[in-house]
Protein chains: 2
Amino acid sequence: MTSPDADSPDLYSIADLAREFGISTRAIRFYESKGLISPERLGATRVFRRRDRARLILILRGKRLGFSLRDISDYLALYDADRGQQVNLLAEKVDERLELLEQQLADLQTTIAELQEIRKLARDRVSPAS
Amino acid sequence: MTSPDADSPDLYSIADLAREFGISTRAIRFYESKGLISPERLGATRVFRRRDRARLILILRGKRLGFSLRDISDYLALYDADRGQQVNLLAEKVDERLELLEQQLADLQTTIAELQEIRKLARDRVSPAS
DNA sequence: CAGTTGTTTGACGCTAACGTAAAGCCATGA
DNA sequence: TCATGGCTTTACGTTAGCGTCAAACAACTG
């Protein structure tokens with residue numbers, strides 16, 4: 001899964017990642033200040049690796065799902081805890097979060113269905129009795 | 001669908017709705033100030049009806065999905081526009097929003113799958129080779 | 001050597017979405 | 001009558017999530 005695949009570079013500057021994901025460097029520093037990522041340093045300069053980049057992807061997905069950085073932080077901890085100790089506690093936390101997500105999934109499906117209904121009505125009105 | 005079903009009351013105070021949905025009256029007033037709902041008035045006192053209550057439900061669902069009040073406002077407009085005029089424009093807007101929601105749906109399903117994988121690993125570690 | 005580019009750390013600014021008094025208007029009940 | 005409860009508006013406070021300078025350093029370039 002996480003084979004050290006060749007070529008794909010393993011060193012990114014803060015600007016690299018900002019460009020790649022269309023966010024500001026300020027945002028990335030802010031995520032670090034909140035402990036969501038912890039890039040290495042070369043002197044004072046941040047050096048990001050694949051792991052940090054992967055975390056960033058998870059962070060942005062979390063944001064698209066409407067989660068707060070606080071939530072996302074907890075969420076990332078679940079990934080880390082794979083290698084962690086309190087495994088039962090982990091399973092509980094994961095289950096909690098899964099419940100939330102499935103509630104959200106239900107909300108989402110309802111909303112999508114409603115909008116499709118609206119679209120249908122709108123189209124019917126334009127070209128009735130197709 | 002929207003038959004004026006008997007009994008279910010049709011008059012709610014601001015406190016009624018706050019209680020029912022577990023939010024503050026302040027929040028409800030705030031939604032009104034942003035134009036998301038517009039209850040009638042009896043003197044100065046707000047009087048909510050089924051329509052307002054239904055809108056509130058949509059608002060709260062939107063919030064659970066992580067949308068801003070601005071987004072939710074646009075979203076509510078799609079429902080209203082059913083009776084509206086620019087029907088083609090409506091269909092476009094609806095399609096835009098549907099795209100967003102489906103992106104979100106994909107994100108959500110990915111996230112759920114990943115968490116289930118983590119849970120599986122965690123459980124395996126507790127009771128291996130069941 | 002001067003200038004440009006990219007980085008850093010503050011630090012202040014800003015918007016959204018309310019929370020939290022404060023102060024006043026009614027209606028009801030002891 | 002007056003105290004209590006629920007409603008109102010006005011307005012300032014608060015947190016999250018960055019945006020936006022500012023000042024300083026480091027490396028490269030002509």
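Just so it is clear: chains get the letters A, B, ... in the order the sequence lines come, proteins before strands, and each one is counted from 1. Everything numeric in this text was worked out from a predicted model, so none of it was measured.
Applying side-chain contact (heavy atoms from CB on, under 4.5 Å) to L56(B) and the options Y12(B), F21(B), F48(B) leaves one that passes, F21(B).
Shown here for L101(B) and L115(A), the closest heavy-atom pair between the two residues is CD1-CD1, 3.7 Å. Smallest separation of non-hydrogen atoms from L36(A) and I72(A): CD1-CG2, 4.5 Å.
Annotation: cation-pi geometry not satisfied between R61(A) and Y75(A) (NZ/CZ under 6.0 angstrom from ring centroid, within 45° of ring axis).
Separating the CG atom of D74(B) from the P atom of dA16(C) is a distance of 13 Å, rounded to the nearest angstrom. Distance, I14(A) CD1 to dT9(C) C1': 12 Å, rounded to whole Å. Atom-to-atom, CZ of R46(B) to C1' of dT8(D) comes out at 7 Å; the value is rounded to the nearest Å.
Between T45(A) and the phosphate of dA26(D), there is no side-chain N or O to OP1/OP2 separation shorter than 4.0 Å. Proximity of R70(B) to the phosphate of dA16(C): no side-chain N or O atom is located under 4.0 Å from OP1 or OP2.
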Listing time: all N or O pairs from protein to nucleotides 22-25 of chain C that are below 3.5 Å?
none

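Scanning residues 16-38 of chain A for heavy-atom distances under 4.0 Å to DNA chain C yields R26(A), R29(A). Residues from residues 60-69 of chain B that place a heavy atom under 4.0 Å from any atom of DNA chain C, listed by number: K63(B), S68(B), L69(B).
At least one donor-acceptor pair under 3.5 Å links the side chain of T111(A) to the backbone N or O of D107(A).
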Apply salt bridge (Lys or Arg N to Asp or Glu O under 4.0 Å) to the pair R55(A) and D80(A), showing each step before the final yes or no. CA-CA 10 Å; R55(A) 292 198 136 225; D80(A) 294 343; 2.3 Å; yes

Pair Q104(B)-R64(A), side-chain contact (heavy atoms from CB on, under 4.5 Å): steps then yes or no: CA-CA 7 Å; Q104(B) 189 165 344; R64(A) 286 199 303 274; over 6 Å; no

Begin from the C-alpha positions of D74(B) and K93(B) and carry the test salt bridge (Lys or Arg N to Asp or Glu O under 4.0 Å) through to its verdict. CA-CA 9 Å; D74(B) 297 353; K93(B) 291 255 185 189; 5.9 Å; no

